[in-house]
Q: 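My structure is below; once you've seen it, I'll send some questions.
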2 protein chains.
Amino acid sequence: MTEPGTEGRDPEVVSKFVEGFAAQLVEAGMQRMPARVFAALLSSDPGSLTSAELGEQLQVSPAAVSGAVRYLAQQHMVAREREPGSRRERYRVSSNQWYEALTNRDAVLKRWEHALREGVDSLGAQTPAGRRLSETLAFFEFIDGEIARMMERWRVHRDQRYGADGAGHVG
Amino acid sequence: MTEPGTEGRDPEVVSKFVEGFAAQLVEAGMQRMPARVFAALLSSDPGSLTSAELGEQLQVSPAAVSGAVRYLAQQHMVAREREPGSRRERYRVSSNQWYEALTNRDAVLKRWEHALREGVDSLGAQTPAGRRLSETLAFFEFIDGEIARMMERWRVHRDQRYGADGAGHVG
DNA sequence: CGCTATCTTCAGAAATTTGTGAAGTTAAGG
DNA sequence: CCTTAACTTCACAAATTTCTGAAGATAGCG
């Protein structure tokens, strides 16, 4: 029987999930390497891996890992942490990671809204096109506010389920 | 010589919005040509253009328009309509289009959820990794339900703003 | 101080994606 | 039916993206 540590897992089973889930992310628009790295981290037992471990598991160069991790960090999809007393770095995900990423997603929405406002101004608020842009803008503004409230509800929901202090959940 | 749908408008102003907004969509992960076509439709006065009009405005071949429109139709981002008494086709957007597209987005979420469930099963629900996947799955299931209710609230909000029968808004 | 483990950057090869011209298909109109 | 306008498909060329190996930078450790 296998220990509940990283060592006792069937690498092929893990790899099958990693590649399958990554493929779904790719299909939804994510770049391939970031998707694979994220899936690998998500399905690791400690929730974090080093650059070397990622490179070995995914069979890619350190450079590829470096690029993917930089991208993921920018998107708030992974946290980088320095291992104390070592020059190694660990890349970490939590089960909460999508919440974090989505929360920081509204920067994109804000830019869309800005572009739409410019469009309304330059095409004329009274033109048919201007009105369409304006209504589209209203939708995004609505969504914007809703997402914030939705995330707050998720926090409550999760705390009820896993405990308000986070004890007993994976992190 | 003004094109239908661009009468009295400064093509350069229109183009500036189209390319700017398309660039934002591209940055968020959308393919370039679909993004440009969508932006062009959104900022047209009639809310619809023919293949030829799109090709001319964006300076691309009919083949490129065809490909972009097929993609957009699959994503529920444009509607195709046959012009009666003509062999021409019109591609249409409404200010409501993002609502439509987002509503149909949950097919993606469902596939993610499916992949995560497989992961929980194959890695073991009692392992740390399995628990993390399980909690991630719970988040998506929560989001799933929330989005449906959010869209219903948008419908109500929009009807209050523009009238329940849709009169007076751009379509 | 060097030594070396570790990550990052960079130029270029390889793979993928994207857009074109041309041929193919479909259907309106005579 | 035949012609022809209009969209679609396809093979290929061009542009872009992605990944690698190698060189470079950084920082712990002796």
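Note that this is a predicted model, so its numbers are computed, not measured. All heavy atoms count here, side chains included; hydrogens, waters and symmetry mates do not. Each chain gets a letter, A, B and so on, in the order the sequences are listed, and its residues count up from 1.
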Q: Among all residues two or more places apart in sequence or in another chain, which pass the side-chain contact (heavy atoms from CB on, under 4.5 Å) test with A/A52?
A: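 Here the qualifying residues are A/T50.
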
Q: Of all residues at least two apart in sequence or in a different chain, which pass the salt bridge (charged side-chain N to carboxylate O under 4.0 Å, His left out) check with A/K16?
A: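 For A/K16 there are no salt bridge (charged side-chain N to carboxylate O under 4.0 Å, His left out) partners, ignoring immediate neighbours.
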
Q: Applying side-chain contact (heavy atoms from CB on, under 4.5 Å), name anything that partners B/T103, two or more places apart in sequence or on another chain.
A: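 B/Y99, B/M151.
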
Q: Do you know the tightest heavy-atom contact between B/V26 and B/A35?
A: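 Shortest heavy-atom separation between B/V26 and B/A35 comes out as CG2-CB, 3.9 Å.
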
Q: What residues, two or more places apart in sequence or in another chain, satisfy side-chain hydrogen bond (donor to acceptor under 3.5 Å, both in side chains) together with B/R88?
A: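 Here no residue qualifies.
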
Q: Nearest-Å distance, CZ (A/R88) to C1' (C/dT6)?
A: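 Roughly 9 Å, once rounded to whole Å.
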
Q: Tabulated below should be each protein N or O lying under 3.5 Å from an N or O of nucleotides 17-21 of chain C; please produce it.
A:
residue : atom : partner : partner atom : Å
C/dT20  : OP2  : B/S61   : N            : 3.0
C/dT20  : OP2  : B/S61   : OG           : 2.8

Q: Of all nucleotides in DNA chain D with an atom under 4.0 Å from a non-hydrogen atom of chain A, which is the first and which the last going 5' to 3'?
A: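 Using the under 4.0 Å cut-off, the span is D/dT18 to D/dC29.
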
Q: Which pairs pass side-chain hydrogen bond (donor to acceptor under 3.5 Å, both in side chains) with one or both residues in residues 23-42 of chain A, sequence neighbours excluded?
A: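 Those involving residues 23-42 of chain A are A/E19-A/R36, A/Q24-B/R111.
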
Q: Applying a 4.0 Å non-hydrogen cut-off, can you work out what A/S66 is touching in the nucleic acid: base, sugar-phosphate, or nothing?
A: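 A/S66: base contact, heavy atoms under 4.0 Å.
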
Q: Atom pairs under 3.5 Å, N or O on each side, protein against nucleotides 28-30 of chain C: can you list them with distances?
A:
residue : atom : partner : partner atom : Å
C/dG29  : OP1  : B/G85   : O            : 3.0

Q: When you measure from every atom of DNA chain D, which of residues 69-82 of chain A have a heavy atom less than 4.0 Å away?
A: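 Heavy-atom cutoff 4.0 Å gives no residues at all.
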
Q: Please report the distance, rounded to the nearest Å, between CD in A/E53 and P in C/dA5.
A: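 Interatomic distance, CD of A/E53 to P of C/dA5: 17 Å.
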
Q: Show me the side-chain donor-acceptor pairs of residues 112-119 of chain A shorter than 3.5 Å, one per line, residues at least two apart or across chains.
A:
residue : atom : partner : partner atom : Å
A/R117  : NH2  : A/E141  : OE2          : 2.9

Q: Looking at side-chain heavy atoms only, is the closest gap between B/R158 and B/R155 below 4.5 Å?
A: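 Yes. Closest side-chain heavy atoms under 4.5 Å.
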
Q: Quiz question: by atom type and distance under 3.5 Å, do the side chains of B/S95 and A/R132 form a donor-acceptor pair?
A: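 No - no donor-acceptor pair under 3.5 Å links their side chains.
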
Q: List the atom pairs, donor and acceptor, that lie under 3.5 Å between side-chain atoms in residues 61-75 of chain A and the rest of the protein, sequence neighbours left out.
A:
residue : atom : partner : partner atom : Å
A/S61   : OG   : A/A63   : N            : 3.4
A/S61   : OG   : A/A64   : N            : 3.2
A/Q75   : OE1  : A/R105  : NH1          : 3.2

Q: Sequence neighbours left out, what passes ring-ring contact (aromatic ring centres under 6.0 Å, His included) with A/Y91? Give chain and number order.
A: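 With neighbours one apart ignored, the set is empty.
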
